[in-house]
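Read through the structure below, which is laid out as structure tokens, and then see the notes.
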Amino acid sequence: MREMMYRDAICEALAEEMRRDASVFLMGEDVAEHGGNFRATVGLYNEFGQQRVFDTPLSESALVGAGVGAAMMGMRPVVEVMFADFVTIAMDAIVNHAAKVAYMSGGEVSAPMVIRLAAYGAGRRSGAHHSQSIESLLTNVPGLTIVMPSTAYDAKGLLKTSIRTQNPVLFIEHKMLYAKKGEVPEGEYLLPIGVADIKRAGADLTIVSYGRMVDVSLAAARTLEKDGVNAEVIDLRSLQPLDEETILASVRKTGHLLIVHEAPVRGGFGGEVAAVVAEKALGYLDAPIRRVGAPWVPVPFSPTLEDAYVPKEADVVKAAQAVMAN
Amino acid sequence: MREMMYRDAICEALAEEMRRDASVFLMGEDVAEHGGNFRATVGLYNEFGQQRVFDTPLSESALVGAGVGAAMMGMRPVVEVMFADFVTIAMDAIVNHAAKVAYMSGGEVSAPMVIRLAAYGAGRRSGAHHSQSIESLLTNVPGLTIVMPSTAYDAKGLLKTSIRTQNPVLFIEHKMLYAKKGEVPEGEYLLPIGVADIKRAGADLTIVSYGRMVDVSLAAARTLEKDGVNAEVIDLRSLQPLDEETILASVRKTGHLLIVHEAPVRGGFGGEVAAVVAEKALGYLDAPIRRVGAPWVPVPFSPTLEDAYVPKEADVVKAAQAVMAN
Amino acid sequence: MEYTNKLESRDLLEMYRLLMLTREFEDRLCGLWGRGGVVELPHGSQGQEAIAIGACYGLRVQDQVLPSLRTRGAFIVKGVPTTLQMAGIFGKVGGPARGKSTTHHMTDPVRGVLLGTGLIGSDIPVAVGAALAFKLQKKESIVVNFFGDGAAQRGDFHEGLNFAAVFKLPVIFVLENNGYAEYTPLNKHFAGTNFACRAEGYGFPGIRLDGNDVLAVYEAVQVAAARARAGEGPTLLECMTYRYRNHCEGQTPEYMRDPAEIAEWQKKDPIPRFEAYLVERGLLNEADRSRVYAAAQAEMDTAIRYAEESPFPPVEEMSTGAYAPEDPTLVGGRRI
Amino acid sequence: MEYTNKLESRDLLEMYRLLMLTREFEDRLCGLWGRGGVVELPHGSQGQEAIAIGACYGLRVQDQVLPSLRTRGAFIVKGVPTTLQMAGIFGKVGGPARGKSTTHHMTDPVRGVLLGTGLIGSDIPVAVGAALAFKLQKKESIVVNFFGDGAAQRGDFHEGLNFAAVFKLPVIFVLENNGYAEYTPLNKHFAGTNFACRAEGYGFPGIRLDGNDVLAVYEAVQVAAARARAGEGPTLLECMTYRYRNHCEGQTPEYMRDPAEIAEWQKKDPIPRFEAYLVERGLLNEADRSRVYAAAQAEMDTAIRYAEESPFPPVEEMSTGAYAPEDPTLVGGRRI
Ligand SMILES: Cc1ncc(C[n+]2csc(CCOP(=O)(O)OP(=O)(O)O)c2C)c(N)n1
Ligand SMILES: Cc1ncc(C[n+]2csc(CCOP(=O)(O)OP(=O)(O)O)c2C)c(N)n1
Ligand SMILES: [Mg+2]
Ligand SMILES: [Mg+2]
């Protein structure tokens, strides 16, 4: 099958949806001629022109707020917020406006828009302000949909769906995945949001992950196999909606759960996953639930420190062994 | 013992600390002559004058950002952000500046400041934008301290401590607690942050809660007593640091855990508590962990809807019974 | 006075009726507060009605308004029924979103009222985004966004106005400068001499005008609207005014303000002023005045009765509606 | 020229040295990029050095600066060792915060450099807050905050400047207008004619000046500083300039820009310009020039060697330090 990079899959999804629906447009900082800080919008300006692909002032709050206004008036904005860390500037527009349109209007209006956070996560020596995993700042906000793809295939299919939903979607891309290649079929396809993907089937241990940590978990699963531990790796793909069924079915089968994300452990989304299982499949657990995530510090800059900060295969393997030891 | 209202306990804490330390000052919208939207700063302007108690423009981002700057230069600002919902506007100053000062400066500087969110929570028919429980927007951010007092006594002791710590503290007050009376001793006292309080001892069921839901949990515990269920109610008092030991000791004793907060369940801080227990005391659990929280919608305005939205004693009792049924 | 001169007698009388109705709405509402029934905290706009009426009269149905807390008249001119507004204020199912939302920030997509927010100033970028939609859709519609002097200190004011300027969007910013943000007087939150000059910093016209002169507001908005419809971009109108009531109900009107200041502004009340103009032009006499007033009273009687009789929303509706319905093949999983 | 006239020859020569050293720092850094060693992405300030040097020369030790991404010279004038800066850029333990932070936003409390942020524009309120502290502490110190034309479109610019105005804070806002925010040219993010006029909207002076004239910048900052120290409040200085390099390393310098535009600005380069002035005043000859240049080269050799030799920080340090140490009787529980 055709191979393409995660960033190109995103770009292709945008192009296809813009061709299909004239109300879709893209705005953000340097997304037009420059093609986006992470080069995920290259060529769109040339194809669609400046009416549909345009740069905005350095104003993340207005950028997202204007997206909400445009969405309420019948457009389908795709808004690129350059680094996910910058979402803190647009929090109000997201939490207090976009997320509340449907409910506050009694269903008369909605805000169908995609806010692409391009990108989250550590690994590029960018320091504390350009490296955060910020998803759990947004996971307690009713009205939002939160998608975090881990492969080119998922990114394309989920982005196309995100653009077509009737509600605001946070589409959170990992900066270390943009250059990652993966199989993407030629024709059009959509992937449903809210359906986790079992990236690797296994019988002994359930590893729940999302975003960049899926690959780390998969690598760990391969290593664990050598130790005789057959791990199932579930890629949540979206945190909201959460596919509880896939998680629960797996845990009922394996009896062991490990949750892996890049965000710090305390207050991270892993707690939610653990809580769902501790409520709905407690009796199936043969061992304590463990979580792997970053330590409780900001993302450090220096390579040695940053590399130590990001959860690695060895961390996942070690935690998995601890789970299996019970 | 002397009785006083939660709001007056807050005011007294501020006054005492301002008398003690000339670097403490208070700023916010209408905190001076008006005495604060929730009347928790009445009289401070008269005592301390406008150099130390002053109103600011309607600019929450600058308000908190300026607090960070002042704190770095040796002051101890107490900043009042009127409704907790407005913290979304100051997210960047909190998450990307205040929280990172100590780490990014390698310990050379810190930002000792208190950000009073006055106030969070539903119950006043204020609609979706003035009623949210926003704590879990902040619980995954290393560098922050998060305090949520449930009584006048705790509010005073914890606020005084918050002002004296070396790091930024989010001090989150519930609007329905301001008029609640409680015993507050005459003399000075401090309460340690990070130490949960067992508001009611019990042997059968652990209820973990914080903020306004502590009273609701206590009421439920009294009702449950009649059914022969002896519930222990733990008031976390601070979410960061989290007092894991008190939670774990209780669960090891009771074998049953119910978590109660006002924020929506999904992505709420209850997940974190559940995860800690599912990792560290799983073997002691005799029943699935349950959580009580708001439904997955914005806070509605109409009294019938808002009353149905906020978790109530009956909800806690029902969930407790479900836990105990196992 | 290009536009004002085109107003016919019936327009002037209609504006007068709208002013009276808005005042009556606010007076009745504030009067009811504390006596049961009213659930939404009133933020009375008495004294400021000329801004809403002058600005919205002459807008098209498709034009969108985004009112401030203090722009009751915008809902009224846009035709949002007073029954619906009052039922909303009472928290009843007959109100906006069947009671889920306050009327303060309600939307009425058909009549052209955009969904606002309780976060003062945050609606400015949203209004700008609606104008962006109009531009992209090549529509002739415009957006009129109202906000106060307090809101003008929010970062969103700055980002929103600059954004609108860069893309030459069809939006009019109506700044209701009533000299206070809650209890903070202007001189404690602003060190400049006027807000209108801020427009220069974005590259479009800013004008300060008498917000208690309904025709001056009408004229200024019509000029700005023509500019906006012609693709020439936004305008900032700083309308000088004053509110008689406190920031919201619950205190005496003169709480933290000098009663003399209030009295001084009452002399410039927009309603008697417009009345005098109409009388002078021979368009209104005492009997007309009484008739208009009686009609406003009657309408408010009806609205209040409607609000009282409307039931509270059924509890089951509370937990639904956070999302617009989705095609189930697109979105699965559990929404909780 | 009240203040400039007071500059002695040695001041002028020192400013020249600082300009040269800053340019050399940036050139060497950009040259090293991509060849191993340099970890922090360089955002070269070549062409803009006169702003930093002019603004910071003449500040007191206690005065705080908060540099932009493009104000290398501020660190240099403030005396932050080039060894420390370069080690930081290399991600070494000899850098700021022992490698935990980039140098872009480093702090040096003793020399008077405030901790910045990677969120462009968000440091403005923080600088204002530092000035607030000075005011409350009744100190004579001031804060100088640097940021670009892009940053001036952030809400924090607006809130920060208004806040400073209301409280008459001792802060100087130095806007480095280099005509671009990343790849977006000014005319795509700004529809006004200048930024200086925005100050009027807050009620303090705003001045546009030639940012490539080190003495013009010095003079303007000194005037503003005197004003600030006298308790008269802030000033906005819009310094017109241009950067030769791209937004950051990684593209060719002329990426998305007209090479003619770059060439045009190179004619106005602040360093030859100041050189010519010094030569004309008889303060500098070719030999001096070479000596200063050689010294800058030598200093950078040392800095780079130091950076190369400094070890990477020990991994154990990564997970500590999110909090300043607390009295354990005040804070317990688990920090994770
Ligand atoms: C972001 C935000 N900050 C503070 C408040 C609280 N608040 C409500 S109205 C108001 C004052 C608004 O002043 P102005 O914009 O002048 O409008 P006015 O009430 O005078 O019409 C404040 C501070 C709020 N609702 N939102
Ligand atoms: C809040 C925020 N938005 C976007 C960025 C990405 N970014 C970094 S520098 C920059 C442009 C800054 O332009 P300007 O302020 O003019 O400074 P210059 O680089 O021209 O010196 C942008 C958009 C950022 N770091 N922070
Ligand atoms: Mg006002
Ligand atoms: Mg620039």
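Numbered from 1 within each chain, the chains take letters A, B, ... in sequence-line order. This is a predicted model, so every value here is computed, not measured.
- Atom CZ in C/Phe157 sits 14.0 Å away from atom OG in A/Ser61 (nearest 0.5 Å).
- The OG1 atom of A/Thr56 sits 10.5 Å away from the CG atom of C/Leu132 when rounded to the nearest 0.5 Å.
- When the heavy atoms of residues 166-176 of chain C are compared with those of chain A, the residues falling under 4.5 Å are C/Val166, C/Phe167, listed by number.
- Your options are C/Asp156, C/Leu66, C/Asn162, and the one with the most heavy-atom pairs under 4.5 Å with chain A is C/Asp156.
- With chain C as partner, the option from A/Thr165, A/Val68, A/Val195 having the largest number of non-hydrogen pairs under 4.5 angstrom is A/Thr165.
- By the 6.0 Å contact criterion, CD on C/Glu232 is enclosed, its count of non-hydrogen atoms from other residues, nucleotides or ligands being greater than 12.
- Contacts with chain C were tallied for A/Lys100, A/Met72, A/Lys160; A/Met72 has the most, counting heavy-atom pairs under 4.5 Å.
- Contacts between C/Lys139 and chain A at a heavy-atom distance below 4.5 Å are absent for every atom of the residue.
- Looking only at heavy-atom pairs under 4.5 Å with chain C, the residue among A/Gly65, A/Pro57, A/Gly106 that has the most is A/Gly65.
- Within the 4.5 angstrom heavy-atom criterion, only backbone atoms of A/Ala99 (N, CA, C, O) approach chain C.
- Smallest separation of non-hydrogen atoms from A/Pro241 and C/Gly332: CG-O, 3.1 Å.
- Of the listed residues (C/Ala164, C/Gly160, C/Ala130), the greatest number of heavy-atom pairs within a distance under 4.5 Å of chain A belongs to C/Ala130.
- Along residues 310-323 of chain C, the residues that come nearer than 4.5 angstrom to chain A, judged on non-hydrogen atoms, are C/Met318, C/Thr320, C/Gly321, C/Ala322, C/Tyr323 in order of number.
- One finds the CD atom of A/Gln51 at 6.0 Å from the NZ atom of C/Lys135 (value rounded to the nearest 0.5 Å).
- Contact between A/Gly74 and C/Gln137 at its shortest, heavy atoms only, is C-NE2, 4.1 Å.
- In terms of heavy-atom pairs under 4.5 Å with chain C, the best-connected choice from A/Asp92, A/Thr161, A/Val109 is A/Asp92.
- Note on A/Leu158, A/Leu190, A/Val101: by heavy-atom pairs under 4.5 Å with chain C, the leading option is A/Val101.
- Contacts of A/Asn140 with chain C are absent, with no heavy-atom separation under 4.5 Å from either backbone or side chain.
- Within the 4.5 angstrom heavy-atom criterion, atoms from both the backbone and the side chain of A/Asn167 approach chain C.
- The side-chain heavy atoms of C/Phe134 and A/Met75, taken from C-beta on, include no pair separated by under 4.5 Å.
- Of residues 324-331 of chain C, those residues with a non-hydrogen atom less than 4.5 Å from any non-hydrogen atom of chain A are, in numerical order, C/Ala324, C/Pro325, C/Glu326, C/Thr329, C/Leu330, C/Val331.
- Highest contact tally toward chain C, considering only A/Ala102, A/Pro192, A/Gly143, is held by A/Gly143 [criterion: heavy-atom pairs under 4.5 Å].
- Of the atoms belonging to A/Ser238, not a single heavy atom falls under 4.5 Å from chain C.
- Contacts between residues 89-120 of chain C and chain A, defined by a heavy-atom separation under 4.5 Å, are made by C/Ala97, C/Lys100, C/Ser101, C/His105, C/Thr107, C/Pro109, C/Leu114, C/Leu115, C/Gly116, C/Thr117, C/Leu119.
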